[in-house]
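What follows is a set of notes on a single structure, which appears directly below.
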Amino acid sequence: MREHKVEISREKCIGCGMCQRDCPAYNIVVENKKAAVKTQSCIMCGHCVAVCPKAAVSMTGFDDPPIEIDKPTVLDPIQFLESIRTRRTIRQYKDKSIDLDVIAQIIEAGRLTPSGGNAQDVSYIVLREGIERYEKIAVRFAKRLLPMVKLVSPTAKNAVIDEHFFFKKAPVAIVVVANDKINAALAASNMELMAEAHGLGVLY
Ligand SMILES: Cc1cc2nc3c(=O)[nH]c(=O)nc-3n(C[C@H](O)[C@H](O)[C@H](O)COP(=O)(O)O)c2cc1C
Ligand code: SF4
Ligand code: SF4
C-alpha cells in the first residue's frame, strides 16, 4: 500500500483553524497563526485537505489530484425516497447475465462508502461462473445445520433447503467481507441502491 503523508504549507496557511476543528483525530495544532500536523499516524481521511480555504493542505501518495467541487451533488429527495420505499427483496431471478462494468460500478458504490475510523476494511468477492459450486458447498453445510436451527428458531421450522437455497439462481453473488460488520453492512446497503439504479434485484 502506498504511504500517504499530510503536508501543510506555512506560506499558504492563514491560521483560520478550519483544519484543526474538522480533524476527527485531533491531529492538527495551530500555533502562532500557522497549522501543523502532529503525527502521520492519523486516519488519513483527507478532511484537512477538503476544508482548507487556502489549499494549504495536501496529501501525498495519490495518483489523481483532489477533485474540485464547485456545486455539491444533490439527489432528488422525492425520487430518492420513492426508490427506497418501492425496493423489495428479490428471490426469483431472470436467466440474464450482468455486464462486468455494471458489477464494477456496484462494487465502486461499496468501496466509496464511509467506514468507521476510515478503516476501508471491506473486500468484495464476485461469484459468477463458479456460483453453483459455491452454493453446493453452502447448501451441504446448511442442511447439516438445519435440524439444530429448527430447535431454536420458529421461522426455520418449515424451512426447506433446496439446491438454490442461497443464491436463488441469481447470475451473480457478491460476498462482502470486512473486519467490522457495520462497515460491510453500510457498503452493502449502498451497493443495493446502485444495483437498483441499474434495474437489478437484490437479496442480502
Ligand atoms: C460506522 C461508522 C462510525 C463512525 N464513527 C465516527 C465517530 O465516532 N466520530 C467521527 O468523528 N466520525 C465517525 N465516523 C466517520 C468516519 O470517520 C468517516 O466516515 C471516515 O473518516 C471517512 O470520511 P468521510 O465520511 O468524510 O468520507 C464514522 C463512520 C462510520 C461509517
Ligand atoms: S487526514 Fe484526517 S485525521 Fe489526518 S490530519 Fe487530516 S483531518 Fe486529521
Ligand atoms: S484550514 Fe488551511 S489556512 Fe486554515 S489553519 Fe488549516 S492549513 Fe491554515
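When a ligand or atom number is given, it counts from 1 through the structure's own listing order.
- Protein heavy atoms come within 4.0 Å of atom 30 (C) of ligand 1.
- Checking only distances, Asn183 never comes within under 3.5 Å of ligand 1, N or O to N or O.
- For the residues Cys52, Ala36, Cys19, the heavy atom positioned nearest atom 2 (Fe) of ligand 3 is part of Cys52.
- Neither the backbone nor the side chain of Val51 has a heavy atom within less than 4.0 Å of ligand 3.
- Atoms of ligand 3 found under 4.0 Å from any heavy atom of Val57 (numbered from 1 in listed order, with element): 7 (S).
- Distance screen at 4.0 Å: atom 19 (O) of ligand 1 has a protein heavy-atom neighbour inside the cut-off.
- For atom 7 (C) of ligand 1, no protein non-hydrogen atom is found at a distance below 4.0 Å.
- Within the coordination shell of atom 4 (Fe) of ligand 3, defined by N, O or S atoms under 2.8 Å, Cys16 is present.
- Taking every non-hydrogen atom of Cys42 and a distance limit under 4.0 Å, the qualifying atoms of ligand 2 come out as 1 (S), 3 (S), 4 (Fe), 5 (S).
- A distance-only check finds no donor-acceptor pair linking the side chain of Asp180 to the backbone of Asp121 [under 3.5 Å].
- For atom 27 (O) of ligand 1, no protein non-hydrogen atom is found at a distance below 4.0 Å.
- Proximity to Ala25 (heavy-atom distance under 4.0 Å) selects the following atoms of ligand 2: 3 (S).
- Atoms of ligand 2 found under 4.0 Å from any heavy atom of Asn27, numbered from 1 in the order shown, are 5 (S).
- The closest protein non-hydrogen atom to atom 1 (S) of ligand 2 is Gly46 N, 3.3 Å.
- Heavy-atom contacts of Ile14 reach the following atoms of ligand 3: 3 (S), 8 (Fe) (cutoff under 4.0 Å).
- Short contacts between ligand 3 and Gly15, defined as distances under 4.0 Å to a heavy atom of the residue, involve ligand atoms 5 (S), 8 (Fe).
- Short contacts between ligand 3 and Met18, defined as distances under 4.0 Å to a heavy atom of the residue, involve ligand atoms 1 (S).
- Taking a 6.0 Å sphere around NZ of Lys136, one finds it holds 12 or fewer heavy atoms contributed by other residues, nucleotides or ligands.
- Ligand 3 does not have Ala55 within reach: every non-hydrogen atom of the residue lies 4.0 Å or more from it.
- Evaluated by nearest non-hydrogen atom to atom 22 (C) of ligand 1, the leading choice among Asp180, Ile182, Asn118 is Asn118.
- The shortest contact between atom 7 (S) of ligand 2 and any protein heavy atom is with Cys48 N, 3.4 Å.
- The contact set between ligand 3 and Cys13, taken as ligand atoms under 4.0 Å from a residue heavy atom, comprises 3 (S), 5 (S), 7 (S), 8 (Fe).
- If you number the atoms of ligand 2 from 1 as listed, the ones under 4.0 Å from a heavy atom of Ile43 come out as 3 (S).
- Using a 4.0 Å cut-off between heavy atoms, Pro114 contacts ligand 1 through both its backbone and its side chain.
- Residue contact check: Cys23 has heavy atoms under 4.0 Å from atoms 3 (S), 5 (S), 7 (S), 8 (Fe) of ligand 2.
- Ligand-side atoms of ligand 3 in range of Gly17: 4 (Fe), 5 (S), range being under 4.0 angstrom from any heavy atom.
- Counted by atom type alone, Thr89 and Arg87 present one or more donor-acceptor pairs between their side chains at under 3.5 Å.
- Contacts with ligand 1 closer than 4.0 Å are made by side-chain heavy atoms of Ile43 only, the backbone lying farther away.
- Ligand-side atoms of ligand 3 in range of Pro53: 1 (S), range being under 4.0 angstrom from any heavy atom.
- In this structure, atom 15 (C) of ligand 1 has no protein heavy-atom contact shorter than 4.0 Å.
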